[in-house]
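What you see below is based on every heavy atom in this structure, not just the backbone, and it leaves out hydrogens, waters and symmetry mates. Chain letters run A, B, ... following the sequence lines, proteins first and then strands; every chain starts at 1.
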2 protein chains.
Amino acid sequence: MEPSVGSERSKRAGTRSRATAPLYQLITQRLTEEIRTGVLPVGGLLPPEVELCKRFDASRYTVREALRTITERGLLVRRPGAGSVVIASETPTAFTQSVRTVEELMNYPADTFRKNVSTRLVVADKALALLLNCAVGMRWFRISAIRRTHTSPEPLGWTDIYLLPRYSKVVDAVDHAQTHVYRQVERMYGEPTVRARFEIFASRIPSRLARALNVAGGTPALTFVRRYYGASGENFENSVTVHPERRFTYSMEVQREPLRN
Amino acid sequence: MEPSVGSERSKRAGTRSRATAPLYQLITQRLTEEIRTGVLPVGGLLPPEVELCKRFDASRYTVREALRTITERGLLVRRPGAGSVVIASETPTAFTQSVRTVEELMNYPADTFRKNVSTRLVVADKALALLLNCAVGMRWFRISAIRRTHTSPEPLGWTDIYLLPRYSKVVDAVDHAQTHVYRQVERMYGEPTVRARFEIFASRIPSRLARALNVAGGTPALTFVRRYYGASGENFENSVTVHPERRFTYSMEVQREPLRN
DNA sequence: TAGTGGTCTAGACCACTGC
DNA sequence: CAGTGGTCTAGACCACTAG
């Protein structure tokens with residue numbers, strides 16, 4: 001269906017003065033445009049590499065370079081023997097947030113630290129099992145702590161950390177109070193956190209914490225549950241934090257960008 | 001410093017039976033390992049491509065394929081004329097969350113909908129200016145609505161949406177109640193949301209909303225502030241939602257993965 | 001079995017960097 | 001200026017897919 005047998009590249013032929021874009025980028029543009037406008041429909045097959053070589057009067061390397069770019073942008077899936085299938089007409093986008101550490105995600109001020117109040121082995125009763133999503137009777141090493149800043153006298157909140165007992169040695173680390181426990185587990189036991197889950201809901205200050213947090217029991221609070229999962233998918237740490245009103249605002253920012261996977 | 005003049009590739013020589021990994025992957029492994037262990041130190045230069053060709057007895061294409069992979073993993077920066085600089089000893093990782101729509105991020109149940117209660121033009125007083133981070137006297141189009149589910153009689157929460165007046169026509173859209181306003185602005189005015197910011201904090205049910213939400217005034221609540229920014233960075237929409245306790249839990253999940261940028 | 005994409009070679013010219 | 005990485009060609013063999 002090409003107008004003639006000739007390639008689409010006559011003008012460029014001799015011009016090797018790199019005022020022009022590289023040929024593979026030109027091919028990328030052309031094909032991307034044809035995918036976007038439906039000339040190459042989603043679900044359909046792209047012409048094979050050899051065909052594209054003829055059409056653009058380019059070597060296979062150059063054509064493949066273009067196809068690589070288009071594939072990376074999420075418009076193509078390529079399989080040996082089966083061809084190149086168009087899977088999208090334009091690069092899908094998403095809102096993403098990316099942080100180096102979970103601390104950043106939680107946006108605690110940098111001068112925040114935990115002060116441990118007690119550590120002990122606990123057995124999950126019905127209520128705890130429900131909260132931690134575990135079996136009744138499961139044993140956890142519990143670290144109870146108050147979170148404070150250096151600048152304000154009022155505590156930010158109260159945290160109960162529930163850790164698999166085999167990782168309980170983290171409390172002996174010198175920087176235990178400043179570092180997040182999941183990071184210590186990573187460093188001391190080589191168990192990396194691969195996935196984490198957070199839940200936030202409105203709650204009331206439990207009366208047993210009222211004095212420690214210097215607020216009246218029953219007043220509004222923010223409860224923060226965090227669940228950490230290791231490489232095998234095991235849930236090795238959970239924490240439950242209660243923040244009195246006006247002491248803590250959780251904030252996050254997301255960007256729109258191309259979706260990758 | 002190579003032990004002899006020979007390449008590192010004698011065993012593979014004849015074996016073209018693809019039970020072995022491709023050569024470029026082998027080179028990738030070797031170099032990655034040397035970067036990780038400091039044989040090729042961070043900040044230092046990689047040997048030029050021609051050198052690596054000799055060392056691995058490979059063509060330039062094959063070596064470049066390996067270097068491309070290593071570069072994509074964030075360990076190298078390559079510049080024409082200047083060489084390949086090692087910039088990290090291992091792939092940096094981050095926790096990321098990626099969602100297609102802000103709805104997903106907010107994890108509202110799918111059967112949720114808004115019911116508008118009132119719409120009018122408002123002028124920011126001091127309190128509103130503080131909340132929306134805008135100038136006193138700025139004019140906003142305010143949409144007040146109740147958010148409900150089809151399954152429960154209790155409302156999920158109350159939302160006040162503050163929109164730039166020029167976008168107020170979104171209320172006329174047929175699917176206005178089911179679609180998020182920022183999506184409507186995108187579709188009707190071609191203003192894409194490029195960035196969004198969220199803040200969550202503990203609060204109390206304002207007495208003016210107590211009846212509408214069917215709870216007592218002053219009881220614990222979750223307040224959710226969302227700010228949307230367009231392509232030019234302009235803050236074109238804000239919303240403030242109040243959820244009574246036990247009616248709404250915000251949850252999110254993050255994955256650890258290689259950092260890209 | 002014919003055709004696809006994946007890997008690989010041995011050349012080449014270029015623009016650009018840093019000396 | 002010599003040397004670097006970026007682009008490009010014209011070949012080749014392979015494993016795999018689909019008919």
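Taking each heavy atom of B/Ser251 and A/Arg197 in turn, the nearest pair found is OG-NH2, 3.4 Å. Across all non-hydrogen atoms, the minimal contact from A/Asn238 to A/Leu132 is CB-CD2, 3.7 Å. When all heavy atoms of B/Ala58 and B/Ile27 are compared, the pair lying nearest together is CB-CD1, 4.1 Å. Of all heavy-atom pairs between A/Ala88 and A/Gly74, the closest is CB-O, 3.9 Å. When every heavy atom of B/Ile161 is checked against every heavy atom of B/Thr159, the shortest pair comes out as CG1-CG2, 3.7 Å. Nearest heavy-atom pair, B/Arg73 versus B/Thr32, reported as atom, atom and distance to 0.1 Å: NH1-OG1, 4.3 Å.
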Give me the distances for all protein-to-nucleotides 10-12 of chain C N/O pairs that come in under 3.5 Å?
from: C/dA12; atom 1: N6; to: B/Arg60; atom 2: NH1; distance (Å): 2.8

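What separates OH of A/Tyr24 from C1' of D/dC8 is a distance of 11 Å, to the nearest Å. The interatomic distance linking A/Phe56 (CZ) with D/dT9 (C1') rounds to 17 Å, in whole Å. When the P atom of C/dG6 is taken as reference, atom CG of B/Leu23 falls 18 Å away, rounded to whole Å. If you measure from atom CD of B/Glu65 to atom C1' of D/dT7, you get 14 Å, rounded to the nearest angstrom. Distance CZ (A/Arg64) to P (D/dT9): 14 Å, rounded to an integer number of Å. Atom CG of A/Leu52 is separated from atom P of D/dT9 by 13 Å (rounded to the nearest Å).
Using a 3.5 Å distance cut-off with no hydrogens or angles, the side chains of A/Tyr167 and A/Glu191 do pair a donor with an acceptor.
Between A/Phe236 and A/Tyr228, the ring-plane angle classifies as tilted under the 30° and 60° cut-offs. The aromatic rings of B/Tyr250 and A/Tyr250 sit tilted relative to each other, their planes meeting at an angle between 30° and 60°.
Contact annotation: A/Thr62 side-chain N/O to D/dT9 OP1/OP2 distance is under 4.0 Å.
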What side-chain donor-acceptor pairs closer than 3.5 Å can you find for residues 77-85 of chain B, not counting sequence neighbours?
from: B/Arg78; atom 1: NH1; to: B/Ser84; atom 2: OG; distance (Å): 2.9
from: B/Arg78; atom 1: NH2; to: B/Glu49; atom 2: OE2; distance (Å): 2.4

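B/Tyr229 carries B/Arg195 over the face of its six-membered ring, with the cationic atom under 6.0 Å from the centre and within 45° of the normal. At least one cation-pi condition fails for B/Arg187 and B/Tyr189: the charged atom is not both under 6.0 angstrom from the six-membered ring centre and inside a 45 degree cone around its axis.
Remark on the helix from C/dT1-D/dA18 to C/dG18-D/dC1: inter-end axis angle 10°, axes from five-pair C1' superpositions, rounded to 10°.
In this structure, the side-chain contact (heavy atoms from CB on, under 4.5 Å) partners of A/Glu51, at least two apart in sequence or on a different chain, are A/Pro47, A/Pro48, A/Lys54.
Remark: B/Arg79, B/Pro80, B/Gly81, B/Ala82 in residues 76-85 of chain B come within less than 4.0 Å of DNA chain C through at least one heavy atom. Using a 4.0 Å cut-off on heavy atoms, none of the residues of residues 38-51 of chain A approach DNA chain D.
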